[in-house]
Amino acid sequence: MPRRSIERRPPPQSDVRFSSQLVSRLIGKLNFTGKKNKVTRIVYEAMDLIKSKTGEDPAVVLSRGVENCRPLLETKPRQVGGATYQVPIEVDSYRGETLAMRWIIDYARARKGQPMAIKIAEEIIQASRKEGTAFKKREEMHKMAESNRAFAHYRW
């Protein structure tokens with residue numbers, strides 16, 4: 001029996017406008033300056049842009065985009081003897097969603113010359129269509145895990 005108790009994280013509160021926990025997590029991930037009102041305004045503006053460009057519910061487009069970019073496998077380095085192997089492991093769904101949102105935000109920040117709301121909206125739309133750099137990152141991660149499948153027996 002483990003000595004430490006399993007830490008259970010409380011579910012995030014839903015945001016006001018879309019009643020979606022995913023939107024509130026996106027706001028929390030995008031916020032790094034402590035100005036939550038400003039970030040909330042940017043995210044809601046991006047959601048309005050998504051609504052006008054796709055004609056669909058923006059919360060559904062966001063959840064589809066995050067699901068499309070969510071990795072199923074990742075590699076972790078394990079040291080066995082003197083060698084370090086990249087061992088493929090399955091990704092928990094919560095961590096997968098976190099990675100997908102992180103990639104979407106990072107690649108949206110990397111775009112130049114547009115306001116942040118437009119960049120986030122474009123990246124989310126592309127992710128929902130299985131295009132864009134965040135989706136390519138997921139495919140790259142899956143290729144890496146597939147190529148290191150021979151080391152899966154080092155998983156513990």
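Position 1 is the first residue of the sequence, and the numbers go up from there.
Using a 4.5 Å heavy-atom threshold, the side chains of S20 and S14 count as separate. Looking at T33 and N31, their side chains come closer than 4.5 Å, going by heavy atoms from C-beta outward. Looking at V43 and V23, their side chains come closer than 4.5 Å, going by heavy atoms from C-beta outward. Taking the side chain as every heavy atom from C-beta outward, M141 and L73 never approach each other to under 4.5 Å.
For Y44, the side chain to side chain donor-acceptor pair (under 3.5 Å) partners are D15, not counting sequence neighbours. Residues meeting the side chain to side chain donor-acceptor pair (under 3.5 Å) test with T75, sequence neighbours left out: Q86. Among residues two or more places apart in sequence or in another chain, the side-chain contact (heavy atoms from CB on, under 4.5 Å) test is passed with T84 by P77, Q79. Annotation: side-chain contact (heavy atoms from CB on, under 4.5 Å) contacts of D48 (sequence neighbours excluded): R17. Under the side chain to side chain donor-acceptor pair (under 3.5 Å) criterion, Q21 pairs with no residue, sequence neighbours left out. Every residue was checked against the side chain to side chain donor-acceptor pair (under 3.5 Å) condition with Q114, not counting sequence neighbours, and none meets it.
Applying the 4.5 Å side-chain rule to ILVMFWY residues, one finds that L72 remains a lone member of its cluster. Residue L49 belongs to a hydrophobic cluster whose other members are I118, with links defined by side-chain heavy atoms closer than 4.5 Å.
Around the CG atom of N37, the shell of radius 6.0 Å holds no more than 12 heavy atoms that belong to other residues, nucleotides or ligands.
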Run the side chain to side chain contact (heavy atoms under 4.5 Å, CB included) check on L26 and I124 step by step: do they pass? CA-CA 11 Å; L26 180 69; I124 290 171; 4.3 Å; yes
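Tracing side-chain contacts under 4.5 Å through hydrophobic residues (I, L, V, M, F, W, Y), one reaches L62 starting from V39; they form part of the same cluster.
For residues 23-46, every residue pair satisfying the salt bridge (Lys or Arg N to Asp or Glu O under 4.0 Å) rule, not counting sequence neighbours, is listed here: R25-E97. Sorted by first then second residue, the side-chain hydrogen bond (donor to acceptor under 3.5 Å, both in side chains) pairs that include residues 128-143, not counting sequence neighbours, are E123-T133. Applying the side-chain hydrogen bond (donor to acceptor under 3.5 Å, both in side chains) rule to pairs touching residues 55-71 yields E56-R64, E67-R70, sequence neighbours excluded.
Each of R78, E74, K76 was evaluated against V87; a single residue qualifies, R78, per the side-chain contact (heavy atoms from CB on, under 4.5 Å) test.
What you find for P71 and G96 is that their closest heavy atoms are CD-O, 3.6 Å. Residue A127 comes nearest to C69 through the heavy atom pair CB-SG, 3.5 Å, listed as atom of the first residue, atom of the second, then distance.
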For residues 99-109, dump all side-chain donor-acceptor pairs below 3.5 Å to protein atoms at least two apart in sequence or in another chain.
unit_1	atom_1	unit_2	atom_2	d
R109	NH2	L30	O	3.0

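Rounding to the nearest 0.5 angstrom, the gap separating the CD1 atom in I42 from the CD1 atom in I27 is 10.5 Å. A distance of 5.5 Å separates CG in N148 from CE in M144, rounded to the nearest 0.5 Å.
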